[in-house]
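Side chains included, hydrogens not; waters and symmetry mates left out as well; all remaining heavy atoms used.
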Amino acid sequence: MRTRSTKSGARFSRRAFTLAELMVAMSVGLVLAGTAMVLLLISATEQRNGFADASVEERAYILEDKITTCVRSASCNQGFTPNYGSGLYDGNGNFMGYQTISLSYLTNGAYIMASISYNSTTGQVIYTPNVTAPSTQFIWMSNTPSAVLTELCFNTSLNMDTSQNNSLVNVIFQMNDNGFSQQNPSDNPASIYRNFSVQMRNDN
């Protein structure tokens with residue numbers, strides 16, 4: 001028996017996209033690309049906000065810790081002495097506190113005078129361990145592109161009889177992200193306001 005082999009050529013139908021199909025495909029592609037771009041922008045914004053919040057929070061924590069440690073170890077008997085020329089007032093003329101103070105430390109039977117000062121122009125907080133040797137200083141804080149200190153002041157507290165208590169120091173400072181997160185300044189979550197009190201050490 002002879003087998004008859006047949007060769008059949010596969011025939012393919014090829015045609016181009018119609019204009020309508022091309023327009024639909026381009027529209028879907030644009031929607032997907034736009035959605036991806038929006039999600040990317042949202043992600044970048046959240047990342048920037050998170051970095052700003054974390055950066056300001058960290059700087060505020062470090063500054064508060066340094067101030068607290070320094071003031072707490074100072075002499076309660078000597079109290080603190082404000083630099084009266086560094087008084088700070090709010091927009092209504094109300095007294096807020098002093099931007100520079102001096103503290104005393106009992107060392108080997110003698111008191112050594114130190115100082116903490118704030119420069120509102122640079123945002124620097126400078127600690128001088130011994131004011132008689134001002135060449136030795138430590139910068140606790142300085143403004144950066146992502147964190148600025150806009151206010152720092154110290155003030156005395158009141159005793160029960162309303163007299164001044166120079167051994168209990170009230171501290172106020174404000175810090176923000178310097179516009180890094182591009183959030184509304186009026187309700188920027190990266191803005192921090194701290195108000196705390198520190199009791200000096202009793203060195204009797």
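Residue pairs that meet the salt bridge (charged side-chain N to carboxylate O under 4.0 Å, His left out) test with at least one member in residues 59-69, sequence neighbours left out, are Glu64-Arg194.
The two residues Leu168 and Ser197 make their nearest non-hydrogen contact at CD1-CB, 4.1 Å. Pairing each heavy atom of Gln99 with each of Ser120, the nearest pair is NE2-CB, 4.2 Å. Annotation for Thr68 and Val198: closest pair O-CG1, 3.7 Å, computed over non-hydrogen atoms. For Gly97 against Asn155, the heavy-atom pair with the smallest separation is CA-ND2, 4.0 Å. Taking every heavy atom of both residues into account, Asn130 and Thr132 meet most closely at OD1-OG1, 2.5 Å. Smallest separation of non-hydrogen atoms from Leu63 and Met175: CD2-CE, 4.1 Å.
If you chain together hydrophobic residues whose side chains sit under 4.5 Å apart, Tyr61 and Ile139 never meet in one group. Note on Phe138 and Val71: same hydrophobic cluster, where clusters join Ile, Leu, Val, Met, Phe, Trp and Tyr whose side-chain heavy atoms are under 4.5 Å apart, directly or indirectly. Ile101 and Met200 fall within a single hydrophobic cluster, where Ile, Leu, Val, Met, Phe, Trp and Tyr side chains are chained together by heavy-atom contacts under 4.5 Å.
Checked by atom type and distance alone, the side chain of Thr107 never pairs as donor or acceptor with a backbone atom of Ala110 at under 3.5 Å. Checking side-chain atoms of Asn92 against main-chain N and O of Asn94 turns up no donor-acceptor pair under 3.5 Å. Proximity of a side-chain donor or acceptor of Ser117 to a complementary backbone N or O of Thr100 within less than 3.5 Å is not detected. In this structure, Asn119 contributes its side chain and Gly123 its backbone to no donor-acceptor pair below 3.5 Å. Side-chain atoms of Asn170 come within 3.5 Å of backbone atoms of Thr156 as a donor-acceptor pair (strictly under, hydrogens ignored).
Using modelled atom types and a 3.5 Å distance limit, the side chains of Thr128 and Gln137 yield a donor-acceptor pair.
Within the model, atoms CG of Asn77 and CG of Asn202 stand 6.0 Å from one another, a figure rounded to the nearest 0.5 Å. One finds the CD atom of Gln199 at 6.0 Å from the CG atom of Asn165 (value rounded to the nearest 0.5 Å). The CZ atom of Phe173 sits 11.0 Å away from the OH atom of Tyr118 when rounded to the nearest 0.5 Å. Note: Asn195 CG to Gln174 CD = 10.0 Å, rounded to the nearest 0.5 Å. Taking CG from Asn176 and CD from Glu151, the interatomic distance works out to 11.5 Å, rounded to the nearest 0.5 Å. Atoms OG and CZ, from Ser167 and Phe80 in turn, are 9.5 Å apart once rounded to the nearest 0.5 Å.
Taking the six-membered ring where the residue is Trp, Trp140 and Tyr127 present parallel rings, their angle staying beneath 30° rather than reaching 60°.
Residue-environment remark: CD (Gln164) exceeds the threshold of 12 foreign heavy atoms within 6.0 Å.
In this structure, the ring of Tyr105 has its center no less than 6.0 angstrom from the ring center of Tyr111. Ring pair Tyr89/Phe95: centre-to-centre distance below 6.0 Å.
Taking the side chain as every heavy atom from C-beta outward, Phe196 and Ile172 never approach each other to under 4.5 Å. Contact of the Tyr98 side chain with the Asn83 side chain is not registered, since no non-hydrogen atoms from C-beta on lie closer than 4.5 Å. The shortest distance between side-chain heavy atoms of Leu152 and Val171 falls below 4.5 Å.
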Report the C-alpha distance between Asn143 and Leu149 in whole Å, list the side-chain angles of each, state the deciding distance to 0.1 Å, and finish with yes or no for side-chain contact (heavy atoms from CB on, under 4.5 Å).
CA-CA 6 Å; Asn143 290 344; Leu149 184 65; 4.1 Å; yes

Audit row: Ile116, Val125, side-chain contact (heavy atoms from CB on, under 4.5 Å) steps and yes/no
CA-CA 7 Å; Ile116 304 173; Val125 180; 4.1 Å; yes

side-chain contact (heavy atoms from CB on, under 4.5 Å) between Cys153 and Met96, intermediate numbers included
CA-CA 7 Å; Cys153 61; Met96 301 289 293; 4.1 Å; yes

Show your reasoning for whether side-chain contact (heavy atoms from CB on, under 4.5 Å) applies to Cys70 and Leu103.
CA-CA 9 Å; Cys70 178; Leu103 309 166; 3.8 Å; yes

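Here Met113 sits in one hydrophobic cluster together with Val131; the rule is ILVMFWY side chains under 4.5 Å apart, joined directly or through other members.
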